[in-house]
Amino acid sequence: MRQASSRDCEVTDERDENKLIAERRRKLDELREIGNAYPNDVHRNALADELHRTFGEHEAEHLIEEDVEVDVTGRMMRKNVMGKGSFIALADRSGRIQVRLERDRLPEGVYAAFKKWDVGDILFAKGKLFKTQKGELTVLADEVRLVTKSLRPLPEKWHGLSDQEIRYRQRYVDLIMNEESRDVFRKRTAVVQYMRSFLDSQDFLEVETPMMQVTPGGAIARPFKTHHNALDMELYLRIAPELNLKRLVVGGFERVYEINRNFRNEGVSTQHNPEFTMMEAYRAYADYQDWMNSTEAMLRGMSSAVLGTTVVEYQGESYDFGKPFARMTVEEAILKYNEDIDSGKLRDRDYLVSVCERLEVPVLEGYGEGKLQIEIFEKTCEDKLREPTFITQYPTEVSPLSRQNDSDPFVTDRFELFISGREIANGFSELNDPEEQAARFRAQVANREAGDDEAMAFDHDYIRALEYGMPPTAGIGVGIDRVVMLFTDSPSIRDVLLFPHMRPEVFD
RNA sequence: GGGGCGUUAGCUCAGAGGUAGAGCAUUCGGCUUUUAACCGACUGGUCGUAGGUUCGAUCCCUACACGCCCCA
């Protein structure tokens with residue numbers, strides 16, 4: 001963080017702290033002299049939102065007659081002192097409730113003490129509900145307590161906190177100040193909850209598989225490495241749960257899923273965080289077409305459940321998840337977005353190399369026709385896939401765990417879902433022929449030996465599992481963070497991660 | 001990894017090669033229906049860090065740190 005801003009972060013010597021904090025620390029010292037400054041005997045019987053829902057529509061006169069006494073608590077977000085009477089706003093997890101404080105209604109000395117309390121302090125208030133002249137539901141306090149002193153001033157009330165760096169590094173301040181931010185994370189939870197209920201209702205079993213693996217597999221990516229001291233061995237953080245989940249299908253759990261973190265040792269960007277959340281699900285006796293249909297149904301239901309509409313507004317564009325998702329093959333997409341490409345030469349290596357050179361896509365020695373196609377696809381098609389679109393028939397060369405297509409072994413029975421130019425999901429009919437899978441692993445190992453450090457390792461136990469027999473199965477992976485970005489109109493993955501990865505802050 | 005932009009009071013932001021500005025917050029005073037409360041007074045800064053140019057740098061130059069955006 002900027003050094004001037006960080007200077008006061010860890011210093012306890014009051015002389016070096018800014019005056020605002022020093023002032024509050026003095027007030028805390030006074031609280032300590034009077035009694036316990038951090039009590040733990042506080043309970044409430046009402047939440048702000050619940051009070052507004054229950055009594056918000058009541059007429060002022062009726063409300064007085066009802067004589068409703070409530071105990072509320074929350075962080076003081078607003079403090080308007082007007083002589084012998086004041087209004088404050090308390091924020092609890094549900095929302096805000098206003099409290100009216102009057103000197104002559106409170107026990108002797110309490111009002112004077114209250115005047116020294118600061119915005120940001122956490123309070124308790126007991127009193128009867130009434131409505132102000134402007135009609136705002138308010139607690140008329142007979143009792144008020146400072147429950148937790150806040151030593152650090154909150155950001156300005158009108159503009160709030162907008163500094164991106166502080167919003168990410170000190171998410172607690174962001175959450176205190178920004179309702180929109182709280183809403184993002186509530187929606188994130190709603191997305192995951194919907195996904196769980198969708199799968200649970202179809203008899204999928206949720207499982208947890210290891211984060212630390214001896215052989216990282218299931219995706220083409222660089223892993224993080226760690227070390228187990230007692231066993232004195234290298235371990236890797238998983239890049240995908242895929243192979244373990246399919247082991248479970250071999251074991252007879254015909255429908256399994258996991259929602260959990262993956263770790264990939266790659267760059268950080270608005271689309272990538274080193275750890276991110278993936279949902280992977282596997283279903284026996286299904287194929288990739290079934291998963292396309294399910295994925296579409298899930299996203300449609302999810303948008304209705306989370307947003308209350310099938311129309312998703314994202315960064316100025318609008319996508320209707322209620323409409324059928326488009327479907328096209330990789331080769332169809334390449335031809336659609338490259339009118340100059342010769343449809344008869346899509347599997348001609350020399351031709352594809354020349355196209356890549358023209359597109360200034362670096363070509364490595366070992367690239368075959370399939371890899372070259374994908375390079376061209378990624379360069380020229382992906383960002384044009386705005387409306388929800390399933391791209392199918394990925395080349396076998398780039399799909400080492402997918403089942404080959406029966407009529408065209410150049411491609412696999414695989415799809416990826418794109419929305420707003422981004423990959424959201426990836427699914428395929430699983431390769432369950434152990435001998436074919438072993439051959440694919442050998443090809444990956446050859447790539448690795450040729451210098452591709454993202455290529456897969458040979459997983460002997462996975463082959464052994466397949467040799468016991470895995471029923472015909474199809475699986476899918478959905479990037480949760482990206483779905484949440486879509487559903488919350490967030491331009492950066494950091495906006496949907498409570499604590500996004502940041503370079504370490506300098507405390508001097 | 002490359003490029004662009006940014007970093008000034010607790011927060012949100014102005015500013016200009018010549019002693020650093022506003023609003024909110026804080027502090028003090030007034031005010032018993034406010035809600036960006038209001039009125040009055042005061043206070044608050046190593047202008048991200050380190051070098052360089054200059055009589056003089058927060059401003060110009062270089063490097064570095066952190067952040068944002070774009071590209072690979």
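In the text below, chain A, chain B and the rest are named by the order of the sequence lines, each starting its count at 1. This is a predicted model, so every value here is computed, not measured.
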How close or far is atom P of B/U32 from atom CZ of A/F114, stated in whole angstroms?
14 Å

Over 12 non-hydrogen atoms of neighbours within 6.0 angstrom of CD in A/E234
yes

Using a cut-off of strictly less than 4.0 Å, decide whether A/R24 has a side-chain nitrogen or oxygen near OP1 or OP2 of B/U26.
no

My understanding is that a pair needs two contacts under 3.5 Å, Watson-Crick or G-U wobble. By that rule, which nucleotide pairs with B/G18?
B/C55

Provide the distance between the two P atoms, one in B/C47 and one in B/G40, to the nearest whole Å.
32 Å

Separation of A/K115 atom NZ from B/U32 atom P, in whole Å?
9 Å

Holding to salt bridge (charged side-chain N to carboxylate O under 4.0 Å, His left out), I want the full list of residues that pass it with A/E387, two or more places apart in sequence or in another chain.
none

Let me check something: any side-chain donor-acceptor pairs from residues 103-113 of chain A under 3.5 Å, sequence neighbours excluded? List them with distances.
unit_1	atom_1	unit_2	atom_2	d
A/R105	NE	A/D142	OD1	2.9
A/R105	NH2	A/D142	OD1	3.2
A/Y111	OH	A/G83	O	2.8
A/Y111	OH	A/G85	N	3.2
A/Y111	OH	A/G85	O	3.4
A/Y111	OH	A/S86	OG	2.6

Could you tell me the separation between the CZ atom of A/R26 and the C1' atom of B/U27, rounded to a whole number of Å?
9 Å

Rounded P spacing from B/C13 to B/G4 in Å
24 Å

A/Y111 has an atom OH; how far is it from atom P of B/G30, in whole Å?
12 Å

Side-chain H-bond candidate by donor/acceptor type, A/T277 with A/R188, under 3.5 Å:
yes

Please give the nucleotide sitting opposite B/A41 as a Watson-Crick or G-U wobble pair, both distances under 3.5 Å, or none.
B/U27

Side chains of A/Y367 and A/E365 only: does a donor on one sit below 3.5 Å from an acceptor on the other?
no

Provide the distance between the two P atoms, one in B/G3 and one in B/C64, to the nearest whole Å.
10 Å

Write down the protein N/O and nucleotide N/O pairs, taken from nucleotides 13-15 of chain B, whose separation is under 3.5 Å; answer none if there are no such pairs.
none

Decide if atom CG of A/N40 counts as having more than 12 heavy atoms of other residues, nucleotides or ligands within a radius under 6.0 Å.
no

Answer yes or no: does a side-chain N or O of A/K27 lie under 4.0 Å from OP1 or OP2 of B/U27?
yes

Given the C1' atoms of B/A20 and B/U46, what is the spacing between them in whole Å?
13 Å

B/U62 - base-pair partner by Watson-Crick or wobble geometry, distances under 3.5 Å
B/A50

Donor-acceptor side-chain pairing of A/E65 and A/H62 below 3.5 angstrom:
no

Looking at A/R448 and A/D453, is any side-chain nitrogen of the basic one under 4.0 Å from a carboxylate oxygen of the acidic one?
no

Base, sugar-phosphate alone, or nothing: which one does A/M177 contact when heavy atoms must sit under 4.0 Å apart?
nothing

Please state how far atom CZ in A/R25 lies from atom C1' in B/U26, giving the value in whole angstrom units.
16 Å

Suppose you measure atom C1' in B/C5 against the same atom in B/G23; what distance do you get, rounded to whole Å?
26 Å

Ranking B/U12, B/U26, B/G10 by distance to the side chain of A/P153, first place goes to B/G10

Between the protein and nucleotides 69-72 of chain B, which nitrogen or oxygen pairs come in under 3.5 angstrom?
unit_1	atom_1	unit_2	atom_2	d
B/C69	OP2	A/R494	NH2	2.7

Count the heavy atoms belonging to other residues, nucleotides or ligands that lie under 6.0 Å from CE of A/M502, then report whether that count exceeds 12.
yes

Can the ring centroids of A/F377 and A/F418 be said to lie less than 6.0 angstrom from one another?
yes

Say you pick atom P in B/A50 and the same atom in B/U58; how far apart are they, in whole Å?
11 Å

Determine, for nucleotides 33-43 of chain B in 5'-to-3' order, which nucleotides have protein heavy atoms under 4.0 Å from the base (write B), from only the sugar-phosphate (write S), or from neither (write -).
BBBBB-----S

Interatomic distance where CG belongs to A/D174 and P belongs to B/U12 [whole Å]:
11 Å

Rounded to whole Å, please give me the gap between CG in A/D104 and P in B/C31.
13 Å

Interatomic distance at P, B/G45 relative to B/U49, whole Å
15 Å

Paired with A/Q98, the side-chain hydrogen bond (donor to acceptor under 3.5 Å, both in side chains) test is passed by just one of A/T138, A/N80, A/T132, namely A/T138

P gap between B/U7 and B/G48, integer Å
8 Å

Tell which nucleotide pairs with B/C68, taking only Watson-Crick or G-U wobble pairs whose two distances are both under 3.5 angstrom.
B/G4

Check the side chains of A/Q393 and A/R414 for a donor-acceptor pair under 3.5 angstrom, ignoring hydrogens and angles.
no

Of all residues at least two apart in sequence or in a different chain, which pass the salt bridge (charged side-chain N to carboxylate O under 4.0 Å, His left out) check with A/R93?
none

Assert: residue with more 5' nearest nucleotide on RNA chain B, out of A/S86 and A/V119, is A/V119

Length of the CG-P vector between A/L106 and B/U32, whole Å:
15 Å

Salt-bridge criterion met for A/R53 and A/D49 (N-O under 4.0 Å):
yes

